[in-house]
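Keep in mind that the numbers below use all heavy atoms, side chains included, and drop hydrogens, waters and symmetry copies. Only a predicted model underlies this, so the values are computations on that prediction, with no experimental measurement involved. Letters go in sequence order (proteins before strands), and every chain restarts at 1.
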2 protein chains.
Amino acid sequence: MNTRFAVATHILTFLAYQGGEPATSELIAASVNTNPTFIRRLLTQLAKAGLTTSQLGAGGGALLAHPASRISLLDVYRAIDEEQQVFALHDAPNPQCPVGRNIDAVLKGRMLEAERALQAQLAQTTIADLAADIAERNKVA
Amino acid sequence: MNTRFAVATHILTFLAYQGGEPATSELIAASVNTNPTFIRRLLTQLAKAGLTTSQLGAGGGALLAHPASRISLLDVYRAIDEEQQVFALHDAPNPQCPVGRNIDAVLKGRMLEAERALQAQLAQTTIADLAADIAERNKVA
DNA sequence: TTATGTGTAACCGATATGGATACAGAAAAT
DNA sequence: ATTTTCTGTATCCATATCGGTTACACATAA
């Protein structure tokens with residue numbers, strides 16, 4: 001998979017760490033080690049999903065739209081991965097073959113079950129959990 | 001994701017349908033609607049994972065190495081997806097940032113949990129299940 | 001009115017994906 | 001023994017995706 005989910009999660013965790021202070025795309029990009037445009041593209045998706053808001057102008061930047069404890073990794077996954085499917089089917093199996101004409105329908109169901117299991121697990125973690133884990137690590141170090 | 005997992009599953013289900021008759025890469029490719037080389041590449045991986053065997057020469061082809069009821073989708077997933085991870089991390093977050101220097105370790109753990117949930121669900125389905133589903137659909141139609 | 005920062009478009013190089021051709025080698029068929 | 005069949009693998013290609021980069025209009029704060 002691409003790194004967008006990981007970066008989006010990084011962004012939200014970073015914002016949670018900011019304690020309400022807006023963060024610019026440049027600041028976030030420095031933490032992620034990428035470029036501000038990439039961050040802004042993801043922030044646009046997160047904003048559309050209602051997870052963040054943006055404050056324009058000087059002193060502005062991105063903010064969490066909800067408490068970090070109310071944003072799960074599943075929310076992030078849904079906001080970022082527009083396709084929302086881990087698995088892909090192959091195009092147009094042979095309809096004249098007993099297997100070919102049914103494999104997609106049959107396999108799709110099993111893929112959805114696996115996908116649901118993945119999503120259910122993602123729903124168990126919130127951005128606040130990650131922020132707490134990170135705070136713990138920084139305390140120890 | 002790419003379609004290799006789906007095609008590999010298609011191959012194995014096709015072989016299960018063959019009832020012990022070897023299938024050539026050309027025959028399988030016709031069912032999948034792709035080219036024989038792609039099938040052979042996947043068969044090589046499946047054979048290395050011990051899921052199939054190949055019979056060379058005239059009248060030869062691919063065969064299941066085990067009963068279809070003993071091959072799970074998790075076996076296929078492990079045979080094909082060498083990386084075996086749905087999620088990817090972004091390269092080299094900033095070690096000078098409290099979030100950047102810990103996000104990978106923290107996120108990796110949560111990703112592994114989700115991945116495990118996915119794999120556990122994949123383990124619930126066997127090639128024999130798929131073949132049975134397909135047989136049922138062909139019976140009705 | 002100026003400075004700051006977002007949102008978005010356009011372009012690029014690198015990589016992954018699957019399709020196509022080719023061919024050496026193994027085994028079956030004759 | 002020779003021919004045919006089929007695998008295993010290498011090579012090349014077109015296309016798509018990914019993330020990086022530059023650029024700029026627009027909104028807002030200073």
Discussion item. To the closest 0.5 Å, what do you measure between CD1 (I28(A)) and CG (L12(A))?
Written reply: 9.0 Å
Worksheet item: D75(A) and R70(A): salt bridge (charged side-chain N to carboxylate O under 4.0 Å, His left out), yes or no, with the steps?
Response: CA-CA 9 Å; D75(A) 294 325; R70(A) 307 247 337 253; over 6 Å; no
Worksheet item: How many Å lie between CG on N2(B) and C1' on dA16(D), as a whole number?
Response: 13 Å
Worksheet item: Does dT7(D) have OP1 or OP2 sitting under 4.0 Å from an N or O in the side chain of Q55(B)?
Response: no
Worksheet item: Roughly, in whole Å, what's the span from CG in N35(B) to P in dC13(D)?
Response: 17 Å
Discussion item. Is any side-chain heavy atom of I80(B) closer than 4.5 Å to one of L46(B)?
Written reply: yes
Worksheet item: Roughly how many Å is it from CG in L15(B) to P in dT7(D), rounded to a whole number?
Response: 11 Å
Discussion item. With each end axis built from five pairs of C1' atoms, what bend angle do you get for the helix from dT1(C)-dA30(D) to dT30(C)-dA1(D)? Round to 10°.
Written reply: 10°
Discussion item. Expressed as a whole number of angstroms, how long is the span from L42(B):CG to dT7(D):P?
Written reply: 13 Å
Worksheet item: Would you say the side chain of S31(A) lies within less than 4.5 Å of the side chain of H10(A), judging by non-hydrogen atoms?
Response: yes
Worksheet item: Got L118(B) and Y77(B) here, is their nearest side-chain heavy-atom distance under 4.5 Å?
Response: yes
Item to complete: Between G57(A) and A23(B), name the one whose nearest nucleotide on DNA chain D is closer to the 5' end.
Response: A23(B)
Worksheet item: Would you say I71(A) and L64(A) make side-chain contact, with heavy atoms under 4.5 Å?
Response: yes
Discussion item. With a strict under 4.0 Å distance from non-hydrogen atoms of chain A, what nucleotide opens and what nucleotide closes the contacted stretch of DNA chain C, reading 5' to 3'?
Written reply: dT4(C) to dG19(C)
Item to complete: Decide if atom CD of Q85(A) counts as having more than 12 heavy atoms of other residues, nucleotides or ligands within a radius under 6.0 Å.
Response: yes
Item to complete: Grab the CZ-P distance between R41(A) and dT22(D) for me, whole Å please.
Response: 13 Å
Discussion item. For a 4.5 angstrom cut-off between non-hydrogen side-chain atoms, does L89(B) reach T3(A)?
Written reply: no
Worksheet entry | Short side-chain N/O contact from S25(B) to OP1 or OP2 of dC6(D), under 4.0 Å | no
Worksheet entry | Whole-Å gap separating C1' (dA10(D)) and CZ (F38(B)) | 17 Å
Fill in: L63(B) CG - dT7(D) C1' separation (whole Å)
13 Å
Practice prompt. For T34(A) and for R40(A), locate the closest nucleotide of DNA chain D by heavy-atom distance; then report the residue assigned to the nucleotide nearer the 5' terminus.
Written response: T34(A)
Practice prompt. Quickly work out the N33(A) CG to dC18(D) P distance and round it to whole Å.
Written response: 20 Å
Item to complete: Respond yes when some side-chain nitrogen or oxygen of T37(B) is under 4.0 Å from OP1 or OP2 of dT9(D), and no when none is.
Response: no
Item to complete: Report yes or no: do N138(A) and N102(B) form a side-chain donor-acceptor pair below 3.5 Å?
Response: yes
